[in-house]
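For reference, the structure is listed below as structure tokens.
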Amino acid sequence: MSDYVQMWKELGMDLETHDALCQVLPTAFGDVYLSQENRPEGMGFWDFVVSEIHGIRPSELIEAQKKGQKVFGTFCVYVPDEVVIAANGIVTGLCAGSQFWVPGGEKVLPKSTCPLIKASVGARLDKTCPFFRIADMYVGETTCDGKKKAWEILGKDVPMYIMDMPQMKREQDVEKWADEIARFAKVVEDFTGVKITVESLNAAIKVINEKRKALARVFDCRKAEKLPISGKDALLMMQIAFFDDPVRCAQMCNKLADELEERIQNGVSVFPEGTKRILLTGTPLAIPNWKLHHIIETSGAAVVCEEMCTGTRYFENLVDETKTTLEDQYAALATRYMKTNCACFTPNTGRIDDILRMAKEYKVDGVIDVNLKFCCLYDTEGYTVEKALKDAGIPVLGIETDYTDSDAEQLKTRIGAFIEMLG
């Protein structure tokens, strides 16, 4: 990625520290991904994106800014991309998935904060993530206490808008979220200088719906008895989807799905017959957090689904495209986004229903419930998840981890024993 040095310099990045990250990433990616056999040809696109992760997409965003577009950096699946796109804005994810950034976050956050939050703050403060440097505005939400405090730090030198997330799912809470979306739309209009219309919002809703449909097609292929794609490759696709142009993302996902569907017809599998099928549930796995998938898929099992924000929560449920007023469109957006079952809600029985449904749909042999260390929400909800699975007769393993590799051997032992127990 040497061609982008001048761009990084103009962004004010710490080039020496960033070089250290760039030297590590290719080796890690090669060990985890390029060591796989019989991968779908369509994965070449995502391999290329990762090889240029801090170059090609950031350069596109900068060119768009030169033409007057605003870039919004988001952290959560509850922020409605449709609103930003309707105002001719661009949405991008932000770096948060590597131990590399955690020490920078610990300079200002307690060590007992979850690694995802520490990594995102560290990536910004240490000036080693171009997406943080490019974004004209950050959009946060109140899904957890750690994030709420992090926004106060991140918002000191970049415009920060925080969406107030309801904590329950009553009718009045859905209405509250619709009002919050309407307020966010006004902020976006003022910031971009572009008025949101029924027509522009409807077009944006269709764009994001098409992206969701394309991602869902790939996941549907993972329900097949002969798995045409590894869990690692599906995870990579999901992680990149948070950063990529939504139209291009849909095109490439549909192209991949075409290949996977053909593989299924031809009986092509990337795993031996009888490989145990695992559903992962819990906290999100932001790029480049590939540790768990790699351990599972080198221990005799296959990850066939992720009930996570970097999984089904990102694309399940479409927004109603038939509404003809902005008020009704905001209500439709609220209805769709409030169907996402994050552990921030109480009660959160919908997530249990989702996990049990997916265990059946994806024909899983067992479930691994993943909690990023110090994430109180998912850690606490783990009790309910594990009880529901045991009551349903579905084997479950609960694990807690972080971004370091210090627990890799322990995880290999525990996960290997769990897979062996599945018979």
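All of these numbers come straight from a predicted model, not from anything done at the bench. Position 1 is the first residue of the sequence; numbering continues from there.
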Problem set entry | Arg263 with Glu41: basic N within carboxylate O range, under 4.0 Å | no
For this session: Measure from the side-chain N and O atoms of Thr92 to the backbone N and O of Gly73, and report whether any donor-acceptor pair falls under 3.5 Å.
Result: no
For this session: Report yes if the side chains of Leu94 and Phe243 come closer than 4.5 Å at any heavy-atom pair, otherwise no.
Result: no
Problem set entry | salt bridge (Lys or Arg N to Asp or Glu O under 4.0 Å) between Glu82 and Arg212, worked out | CA-CA 12 Å; Glu82 295 91 341; Arg212 293 186 182 114; 2.9 Å; yes
Exercise. Does a side-chain heavy-atom distance below 4.5 Å link Thr335 with Lys339?
Worked result: yes
Problem set entry | Lys/Arg-Asp/Glu bridge criterion (N-O < 4.0 Å) met for Arg248, Glu60 | yes
Exercise. Val385 and Val367: side-chain contact (heavy atoms from CB on, under 4.5 Å), yes or no, with the steps?
Worked result: CA-CA 10 Å; Val385 169; Val367 174; 5.6 Å; no
Exercise. With the threshold set at 4.0 Å, does a side-chain nitrogen-carboxylate oxygen contact exist between Lys223 and Asp220?
Worked result: yes
For this session: May I ask you to decide if Ile229's main-chain N or O and Asp233's side chain share a donor-acceptor pair within less than 3.5 Å?
Result: no
Seminar exercise, completed: All heavy atoms of Ala182 vs all of Tyr330, minimum pair found to be CB-CD1, 3.7 Å
Seminar exercise, completed: Shortest non-hydrogen pair, Gly231 vs Glu297, comes out as N-OE2, 2.8 Å
Problem set entry | Greater than 12 external heavy atoms within 6.0 Å of Glu262's CD | no
Problem set entry | Pro284 to Leu372 - nearest heavy-atom pair and separation | O-CD1, 3.9 Å
For this session: Output yes when a side-chain donor or acceptor of Arg336 lies under 3.5 Å from a complementary backbone atom of Glu316, and no otherwise.
Result: yes
Exercise. Would Ser230 and Gln36 count as having a side-chain donor-acceptor pair, cut-off 3.5 Å?
Worked result: yes
For this session: Evaluate side-chain contact (heavy atoms from CB on, under 4.5 Å) for Phe345 paired with Asn341, printing each intermediate quantity in order.
Result: CA-CA 7 Å; Phe345 289 104; Asn341 292 310; 5.8 Å; no
Problem set entry | Min side-chain heavy-atom separation Phe132-Ser120 under 4.5 Å | yes
Exercise. Quick one: do Asp405 and Lys291 make a salt bridge, cutoff under 4.0 Å?
Worked result: no
Exercise. Under a 4.5 Å cut-off applied to non-hydrogen side-chain atoms, are Pro40 and Leu260 in contact?
Worked result: yes
For this session: Kindly indicate whether the side chain of Arg351, heavy atoms from C-beta on, has any atom under 4.5 Å from the side chain of Thr281.
Result: yes
For this session: Give a yes or no on whether Lys149 atom NZ has more than 12 heavy-atom contacts from other residues, nucleotides or ligands under 6.0 Å away.
Result: no
Problem set entry | Phe374 vs Thr113, side-chain contact (heavy atoms from CB on, under 4.5 Å): CA-CA, chis, key distance, verdict | CA-CA 6 Å; Phe374 304 121; Thr113 307; 6.0 Å; no
For this session: Output yes when Arg217 and Glu261 qualify as a salt bridge under the 4.0 Å nitrogen-oxygen rule, no when they do not.
Result: yes
For this session: Please answer whether the main-chain N or O of Glu10 pairs with a side-chain N or O of Arg133 as donor and acceptor at a distance below 3.5 Å.
Result: no
Exercise. So, does Arg222 use its side chain to make a donor-acceptor pair with the main chain of Val304 at under 3.5 Å?
Worked result: yes
Problem set entry | Evaluation steps, side-chain contact (heavy atoms from CB on, under 4.5 Å), between Leu292 and Ile415 | CA-CA 9 Å; Leu292 281 175; Ile415 290 171; 4.1 Å; yes
Exercise. Under 3.5 Å, is there a donor-acceptor pair linking the side chains of Thr128 and Asp126?
Worked result: no
For this session: State whether the side chain of Lys211 and the backbone N or O of Cys249 hold a donor-acceptor pair below 3.5 Å, judged by distance alone.
Result: no
Exercise. Would you say Lys169 has more than 12 foreign heavy atoms packed within less than 6.0 Å of its NZ?
Worked result: yes
Problem set entry | Non-hydrogen side-chain atoms of Trp151 and Tyr138 separated by less than 4.5 Å | no
Exercise. Is there a salt bridge (Lys or Arg N to Asp or Glu O under 4.0 Å) between Arg183 and Asp164 once you walk through the steps?
Worked result: CA-CA 10 Å; Arg183 282 191 288 271; Asp164 187 14; over 6 Å; no
Problem set entry | Stepwise salt bridge (Lys or Arg N to Asp or Glu O under 4.0 Å) test for Glu259 and Lys255 | CA-CA 7 Å; Glu259 181 183 358; Lys255 182 179 178 181; over 6 Å; no
Exercise. Are Tyr403 and Trp101 an aromatic pair by the rule of ring centers under 6.0 Å?
Worked result: no
For this session: Could you check if a side-chain atom of Gln65 sits within less than 4.5 angstrom of a side-chain atom of Lys70, using non-hydrogen atoms only?
Result: no
Exercise. Under 4.0 Å between a Lys/Arg side-chain N and an Asp/Glu carboxylate O for Arg357 and Asp354?
Worked result: yes
Problem set entry | Salt-bridge criterion met for Arg124 and Asp157 (N-O under 4.0 Å) | yes
Exercise. Would Lys363 and Glu225 pass as an ion pair if we require N to O under 4.0 Å?
Worked result: no
Exercise. Backbone N or O of Phe271 within a donor-acceptor pair of the Thr275 side chain at under 3.5 Å?
Worked result: no
Problem set entry | Lys/Arg-Asp/Glu bridge criterion (N-O < 4.0 Å) met for Asp145, Lys148 | yes
Problem set entry | Main-chain N/O of Asn88 paired to Gln69 side chain as donor or acceptor, under 3.5 Å | yes
Exercise. Is a donor on one side and an acceptor on the other found under 3.5 Å between the side chain of Arg313 and the backbone of Thr340?
Worked result: no
Exercise. What closest approach, in Å, do Leu280 and Leu285 show between heavy atoms, and which atom pair accounts for it?
Worked result: CD1-CD1, 4.4 Å
Exercise. Are Phe191 and Phe72 close enough that their ring centres sit under 6.0 Å apart?
Worked result: yes
Problem set entry | Pairwise side-chain contact, Val77 with Thr310, heavy-atom cut-off 4.5 Å (strictly under) | no
Exercise. Using 4.0 Å as the upper bound for N to carboxylate O, is an ion pair formed by Lys373 and Asp379?
Worked result: no
For this session: Kindly give the heavy-atom pair with the smallest separation between Phe29 and Val50, and that separation in Å.
Result: CD1-CG1, 3.7 Å
Exercise. Is a side-chain donor or acceptor of Gln410 paired with a backbone partner of Asp407 at a separation under 3.5 angstrom?
Worked result: no
Problem set entry | Atom pair CG (Leu236) and CE (Met238), whose distance is rounded to the nearest 0.5 Å | 11.0 Å
Exercise. Which atoms form the tightest heavy-atom contact between Met165 and Thr143, and what is the distance?
Worked result: CG-CG2, 4.1 Å
For this session: Could you label the plane-to-plane angle of the His18 and Trp8 rings as parallel, tilted or perpendicular, counting under 30° as parallel and over 60° as perpendicular?
Result: perpendicular
For this session: Assess whether atom CD of Glu420 is packed by more than 12 heavy atoms of other residues, nucleotides or ligands within 6.0 Å.
Result: no
